[in-house]
Amino acid sequence: MRVLRPLVIELLWLLGALGLALLVVTYLAGTPGRGELMFLDGDSMIVPLFSRSILEGTASNWAMSAVLFVPEVTAFLVLSLLGWDIHEAQFLSAVANFAGLYLVFRVAAVTVAKGNRAALAATAGFAAVCILASTESAGNGDSPELASLLAVTTYYAATVLGVLLAVGITRRIVASSSPRRILVIALFAIAAVSVVTNPLYLAWATAPLVLIVIIVCAGAGRGRSALWSIVALVGGSALGYLLRIPLAPWIVANPDNYFQPHRSRASFGYYWALLLERLSSPGGVLAVAIVVALTLLGVWLTLRSLRHGAIGSAVVAAYSWFAPVATTVGFILLGTEASRYLQLWAFAPALALVVLIADARRAAPTETPWRRLVAFAAIPALLGGVTFIAVLPAAAQRATEHDTSLDCAVDWVNASGAVGAGQFWSVRAVKTHVDDQAQLIQTDFALRDYAWLVDRSDFDEHEVSFLIVDDQSAPFTLPAAAENLPSTTIDCGRFQIFDYSPASITRP
C-alpha cells in the first residue's frame with residue numbers, strides 16, 4: 001500500500017490536468033479561427049488523410065513535407081480503431097496533446113521534497129500555457145497565436161512534446177553523478193523518433209540542449225552525466241536522420257526553401273510584424289507580458305541555480321529562455337517565414353515556473369503525513385472533476401458537431417459516384433470525409449497535379465466531371481476543350497460545386 005501512495009497522488013493531479021485540458025480544447029474548438037484550423041484547414045487534414053489511407057490499405061505513394069507525423073498518425077490510428085470518427089478523433093487528439101503537455105512538464109519537475117511539490121510545479125507550468133492558449137481564438141496556421149497550435153495534429157505537437165520531454169530527461173541525467181541507464185536510452189529513443197518525424201527537433205532540442213549541457217556542466221563535476229546526455233541526444237538524432245533516408249522518395253519538400261540566408265532581413269520583418277500583430281489585442285498584450293515575465297524569471301533562475309550548484313535545475317531554467325531566443329535568431333538568419341517555427345516561445349518559458357516551484361525551499365523539513373498529502377492532491381482533482389463535468393456537454397457538442405457546408409459537399413460527392421478536383425485549401429476537408437478519397441484529386445488552378453501532403457496515386461485519374469471551390473480557391477483555368485462546357489452549380493455554403501456531367505474535363 002505504501003508503494004502505491006505516490007501513484008495515487010500523481011493520479012489525482014493528472015485528473016486536475018485532464019479537466020483543464022478539456023476546458024481549453026473545448027474553448028478553442030468553439031472559436032471561429034482555431035475551430036476552423038482544428039477541423040477544416042487544408043494543412044490539418046494530413047493526419048486524418050494519411051491515417052485513413054493506412055487503415056484502407058491504399059497508402060502507396062505519398063508526397064510528404066519534411067515532417068512525417070509518425071506519433072500523430074499513430075495516436076490518430078489508435079483513436080480510429082477504438083471507433084471514433086474523424087471529427088471526434090481530431091478533438092480527442094487535441095485533448096491528448098494538452099494532457100501530454102502536463103505529463104512532460106511533470107518529467108521536468110524534480111524535487112527532493114516528497115508529496116505534491118513536483119506535481120504542483122508541473123501544474124503551474126501547464127496552467128501558464130493554458131492561459132496563453134485561452135487568449136487565442138482567431139487567425140490561421142501562420143498567425144502569432146502559438147500555444148493553441150498544440151490542439152492541431154499538423155503543426156508539430158508531437159515535436160513540441162518530444163522536445164520538452166527531452167529537457168526533463170536531460171535534467172534528470174545531469175543531476176546525477178551516476179545516471180540511470182534507462183534515462184539515457186529513453187533520451188536516445190526520443191531523439192531518434194523525433195528526428196525521424198521532424199528534423200526541426202535538431203534546432204529545438206538537440207543543438208540548444210547540447211550547448212546548455214556543455215556550458216552548465218563545465219567544472220561542475222558532472223562530466224560523465226553530461227557526456228551521456230550529449231551522446232544520447234546527438235546519437236539519437238543522427239540515427240533518426242539516417243532512418244529518414246529510406247523514406248526520401250516520399251519527402252518532396254525542397255531543402256532550399258528552409259535555407260535562404262539572403263532573405264534574413266525580410267525574415268526579421270516578417271517576425272516583427274507577427275509580434276506587432278500579437279500586441280494589437282488585449283489578449284495578445286497579456287500573452288506577451290506573461291511570456292516576457294517567464295523569460296526573465298528563467299534568466300534569474302539560471303543564475304540562482306548555477307550559484308547554488310543545482311545543475312539539473314540550471315539546465316531546465318537555461319533552456320526556458322535560451323532555446324526560444326537562439327532558435328528565433330537562427331530562423332531569422334536562415335531567412336524563414338513561418339510563425340510555427342517559433343512555438344518554443346509558447347512552451348519553453350513555462351519551464352521557469354516548473355523550476356521555481358520545484359526548487360522552492362521548504363519551511364519545515366518534517367515529513368508531511370500521508371493523509372494531508374492526499375487531501376492537498378484532492379484539491380486539483382476536485383477542481384478538475386468539477387470542470388470536466390461542467391464542460392462535458394459543450395465538449396461533446398464540439399466533438400460531434402459537423403459543419404453543414406462540409407456535410408453538404410460530402411453527401412453530394414458520395415452520391416455522385418464521379419471523380420472531381422479541387423485546390424489544396426479548398427478540397428482537402430471534403431476529401432478527408434468522403435467515402436472514397438480517390439473521388440477527389442488535389443490540383444492547382446490549371447488542374448495540374450499538386451503533389452503536396454497527398455497520395456500521388458490519385459493522379460492516375462485524368463478525367464474529372466466536377467470542381468470544388470471556396471473563397472480560398474484561385475480561379476480555375478480550364479483546358480481549351482473545356483472552356484465552354486456548361487455546368488450546374490451546387491451551393492453548399494462555403495463550398496461551391498461546379499458539375500460538368502455528363503461531360504468531363506481531361507486534366508493536363
Side-chain angles (χ1 to χ4, degrees), residues 29-30 32 35-58 76 79-93 153-154 396-443 447 450 453-455 457-473 476 478 482 485-505 507:
E36 170 104 1
L37 193 64
M38 290 171 65
F39 302 116
L40 294 172
D41 183 77
D43 272 343
S44 300
M45 295 301 109
I46 174 58
V47 170
L49 278 171
F50 191 69
S51 299
R52 274 195 62 184
S53 69
I54 292 176
L55 292 173
E56 296 168 4
T58 60
F76 202 91
L79 291 171
S80 299
L81 292 172
L82 290 175
W84 303 103
D85 67 20
I86 292 173
H87 189 94
E88 293 164 347
Q90 287 174 304
F91 183 90
L92 292 174
S93 292
T153 56
T154 307
Q397 180 183 355
R398 300 281 188 270
T400 56
E401 66 183 355
H402 286 212
D403 182 83
T404 55
S405 297
L406 178 62
D407 284 346
C408 172
V410 168
D411 291 342
W412 189 92
V413 174
N414 287 336
S416 74
V419 176
Q423 296 169 32
F424 182 90
W425 298 109
S426 308
V427 78
R428 289 174 65 82
V430 184
K431 182 177 176 66
T432 299
H433 288 269
V434 294
D435 293 339
D436 182 6
Q437 296 185 39
Q439 278 187 264
L440 290 172
I441 303 171
Q442 181 176 293
T443 69
L447 292 180
Y450 190 77
L453 305 182
V454 72
D455 193 335
S457 62
D458 292 347
F459 303 142
D460 294 340
E461 179 60 60
H462 289 277
E463 301 290 328
V464 297
S465 63
F466 66 89
L467 303 175
I468 293 181
V469 302
D470 66 4
D471 291 341
Q472 301 179 85
S473 301
F476 274 100
L478 300 182
L485 281 179
S487 66
T488 302
T489 301
I490 294 87
D491 185 1
C492 283
R494 65 179 289 155
F495 298 105
Q496 304 293 306
I497 303 174
F498 301 146
D499 181 21
Y500 294 89
S501 63
S504 63
I505 303 170
R507 300 191 306 111

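Bear in mind that the values here come from a model prediction, so they are computed numbers and not experimental data. This chain uses plain numbering: 1 for the first residue, then up along the sequence.
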For the pair Phe466 and Trp412, evaluate ring-ring contact (aromatic ring centres under 6.0 Å, His included) and give the outcome as yes or no after the intermediate values. CA-CA 11 Å; Phe466 66 89; Trp412 189 92; 5.0 Å; yes

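- Remark: Trp84 CH2 is loosely packed, at most 12 non-hydrogen atoms of other residues, nucleotides or ligands lying under 6.0 Å away.
- One N or O on the side chain of His87 and one on the backbone of Arg398 form a donor-acceptor pair closer than 3.5 Å.
- At least one donor-acceptor pair closer than 3.5 Å links the side chain of Gln442 to the backbone N or O of Tyr450.
- Ser80 meets the side chain to side chain donor-acceptor pair (under 3.5 Å) test with no other residue; sequence neighbours excluded.
- Asp85 places a side-chain N or O within 3.5 Å of a backbone atom of Glu88 that can act as its donor or acceptor partner.
- Annotation for Ile468 and Ser473: closest pair O-OG, 4.3 Å, computed over non-hydrogen atoms.
- Nearest heavy atoms, Leu92 versus Leu79: CB-CD1, 4.0 Å.
- Here the side chains of Ile490 and Asp499 are in contact, with some heavy-atom distance below 4.5 Å.
- Side-chain contact check for Ser426 and Asp470: at least one donor-acceptor pair (N or O, by modelled atom type) lies under 3.5 Å.
- Put simply, the side chain of Leu467 reaches to within 4.5 Å of the side chain of Leu478, judged on heavy atoms.
- Taking both residues in full, the closest heavy atoms of Asn414 and Asp435 are given as OD1-N, 2.9 Å, listed atom of the first, atom of the second, then distance.
- Nearest heavy-atom pair, Ser405 versus Gly493, reported as atom, atom and distance to 0.1 Å: OG-CA, 3.5 Å.
- Under 4.0 Å is where a charged nitrogen must lie from a carboxylate oxygen, and between Arg494 and Asp403 no such pair does.
- Ser51 places no side-chain N or O within donor-acceptor distance of the main-chain N or O of Pro48, the cut-off being under 3.5 Å.
- Residues Val419 and Ala438 share a closest heavy-atom pair of CG1-O, 4.2 Å.
- Heavy-atom contacts from other residues, nucleotides or ligands closer than 6.0 Å to CG of Asp471 number 12 or fewer.
- Residue pairs meeting the salt bridge (charged side-chain N to carboxylate O under 4.0 Å, His left out) criterion with at least one partner in residues 41-55, sequence neighbours excluded, are Arg52-Glu56.
- Smallest separation of non-hydrogen atoms from Cys492 and Ala409: SG-N, 3.5 Å.
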